[in-house]
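What follows is a single structure, written as structure tokens, with notes after it.
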Amino acid sequence: MVDLIEARKLTRFFDLGGDQLVHAVDKVSLTIGEREIVGLVGESGSGKSTFGKTLLGLHDKTDGEVIFRGEALPQKYRPVDFQKLATKMQMIFQDPYSSLNPRMTVGEIIGEGLRLHFSLSPSDVKDQVVDWLEKVGLQADHMSRYPHEFSGGQRQRIGIARALILEPEFVVCDEPISALDVSVQAQVVNLLGELKETMGLTLLFIAHDLSMVRYVSDRMAVMYLGSLVELGKADEVYFNPKHPYTEVLIGSNPEPDPNIEKGRVSTSIQGEIPSPVNVPCGCRFANRCPKVLDVCRENTPELIPLKDEDRLVACHLVS
Ligand code: ADP
Ligand code: MG
């Protein structure tokens with residue numbers, strides 16, 4: 001598989017002032033191959049959205065690099081970089097309610113990128129917008145309506161059309177279905193799957209629901225407090241997790257909470273997530289880990305390959 005995009009020790013901190021630095025994403029390395037779907041999971045606040053946005057240049061990088069088709073992207077994007085890269089990389093946002101401008105018609109929203117990035121006549125833009133409305137299961141006459149006239153699932157289809165009309169190669173889908181009713185989640189996932197196939201897209205699919213991630217992804221990456229703790233084939237990570245955090249996350253811990261549906265992020269993990277402002281020494285999961293050893297509180301485990309397995313794990317207990 002040809003590499004499409006690679007994060008090399010990608011780091012993004014947020015400066016809150018007064019020595020308060022949020023370690024949202026801390027030295028994350030991940031390579032995504034052409035036409036691959038990598039699922040990214042982890043509890044809320046683990047840095048998934050920040051990682052996705054930093055990959056796309058929507059946040060400046062604090063440190064590290066992003067390589068796209070062998071070329072290092074700028075540390076900080078200038079307007080001309082956004083201009084150049086918008087047609088290569090796009091984002092589909094979590095909340096279809098707040099991510100669409102309520103004062104623009106659906107046609108203006110979907111066509112905006114085309115108008116900004118290509119010199120097309122208004123009628124060419126309109127033709128493409130109509131084409132995309134149909135591709136995402138909406139209708140041509142929806143063009144002149146406003147976002148509030150649509151359901152959540154329809155709005156997410158509008159968000160998908162807006163991102164994909166530019167024919168990007170790489171798309172970050174940031175929890176694209178978590179704001180939707182369960183009944184429409186599968187429809188939107190299936191639509192993304194079809195478009196992925198027909199367009200040859202490469203996706204970073206961020207989600208809360210591990211069973212959904214297993215279903216859509218080739219590989220699964222597990223993030224905790226700004227770091228990757230496990231990475232491997234989606235099925236293998238899901239059915240045979242190696243990191244204690246992944247185990248509790250998918251609810252396969254020895255004392256599963258019967259109230260938690262398997263595959264949903266478990267809220268039964270003991271202890272509090274440490275503050276990303278005061279990241280603990282050693283393994284970041286140590287204070288909550290059911291298998292913690294002394295070494296875990298002292299040395300930070302590296303994300304390293306397991307012997308004889310196509311899996312990376314950052315844990316002193318696993319090798
Ligand atoms: P996730 O998407 O996994 O829920 P986020 O990437 O949104 O996690 O957040 C990771 C951490 O960074 C959280 O502690 C969050 O509060 C913090 N964070 C995110 N965005 C900002 C910001 N713009 N300013 C300050 N802190 C932020
Ligand atoms: Mg998020």
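In listed order, ligands and their atoms are each counted from 1.
- Close N/O approach between Leu16 and ligand 1 is not found [any backbone or side-chain N/O within under 3.5 Å].
- Remark: ligand 1 and His59 share no N or O pair separated by less than 3.5 Å (distance only, no angle test).
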- Are Phe14 and His23 close enough, and set up right, to give a ring-ring contact (aromatic ring centres under 6.0 Å, His included), and what steps lead you there? CA-CA 7 Å; Phe14 294 103; His23 294 227; over 10 Å; no

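- Among Lys48, Arg12, Met223, the residue whose heavy atom lies nearest to atom 3 (O) of ligand 1 is Lys48.
- The shortest separation from a heavy atom of Gly42 to ligand 1 is not under 4.0 Å, leaving the residue out of contact.
- Interface of Ser44 with ligand 1, defined as ligand atoms under 4.0 Å from a residue heavy atom, comprises 4 (O).
- Here the closest heavy-atom approach between residue Ile92 and residue Gly159 is recorded as CG1-O, 4.4 Å.
- In terms of protein heavy-atom proximity, atom 9 (O) of ligand 1 is closest to Thr50 OG1, 3.8 Å.
- Relative ring orientation between Phe285 and Tyr224 is described as perpendicular, the plane-to-plane angle rising above 60° on a 0-90° scale split at 30° and 60°.
- Nearest protein heavy-atom contact of atom 26 (N) of ligand 1 is Phe14 CD1, 3.5 Å.
- There is no protein heavy atom closer than 4.0 angstrom to atom 16 (O) of ligand 1.
- Atom 4 (O) of ligand 1 has as its closest protein heavy atom Gly45 N, 2.7 Å.
- Under the salt bridge (Lys or Arg N to Asp or Glu O under 4.0 Å) rule, Glu43 has a single partner from Lys48, Arg288, Arg284, which is Arg288.
- Formation of a donor-acceptor pair under 3.5 Å by the His117 side chain with backbone atoms of Leu114 is not found in this model.
- Contacts between Pro276 and ligand 1, counted as non-hydrogen atom pairs separated by less than 4.0 Å, involve the side chain only.
- Residues Val216 and Ile37 share a closest heavy-atom pair of O-CD1, 3.4 Å.
- A parallel orientation is assigned to the rings of Tyr146 and His148, their planes being inclined by less than 30° (bins at 30° and 60°).
- Of all heavy-atom pairs between Gly226 and Val28, the closest is O-CG2, 3.4 Å.
- Regarding atom 7 (O) of ligand 1, its nearest protein heavy-atom neighbour is Ser49 CB, 3.9 Å.
- Distance check for atom 19 (C) of ligand 1: a protein heavy atom is found below 4.0 Å.
- Nearest to atom 8 (O) of ligand 1 among the protein's heavy atoms is Gly47 N, 3.1 Å.
- For the residue pair Ser178/Gln94, the side-chain donor-acceptor check at 3.5 Å is satisfied.
- Residue contact annotation: Glu175 has no non-hydrogen atom under 4.0 Å from ligand 1.
- Within the 4.0 Å heavy-atom criterion, the part of Val22 lying near ligand 1 is the side chain and not the backbone.
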- Query: Given Glu230 and Arg311, is the salt bridge (Lys or Arg N to Asp or Glu O under 4.0 Å) satisfied, shown in steps?
  - Reply: CA-CA 7 Å; Glu230 181 155 6; Arg311 183 90 63 103; 2.5 Å; yes

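- The nearest protein atom to atom 12 (O) of ligand 1, hydrogens excluded, is given as Ala24 CB, 3.4 Å; this is a heavy-atom distance.
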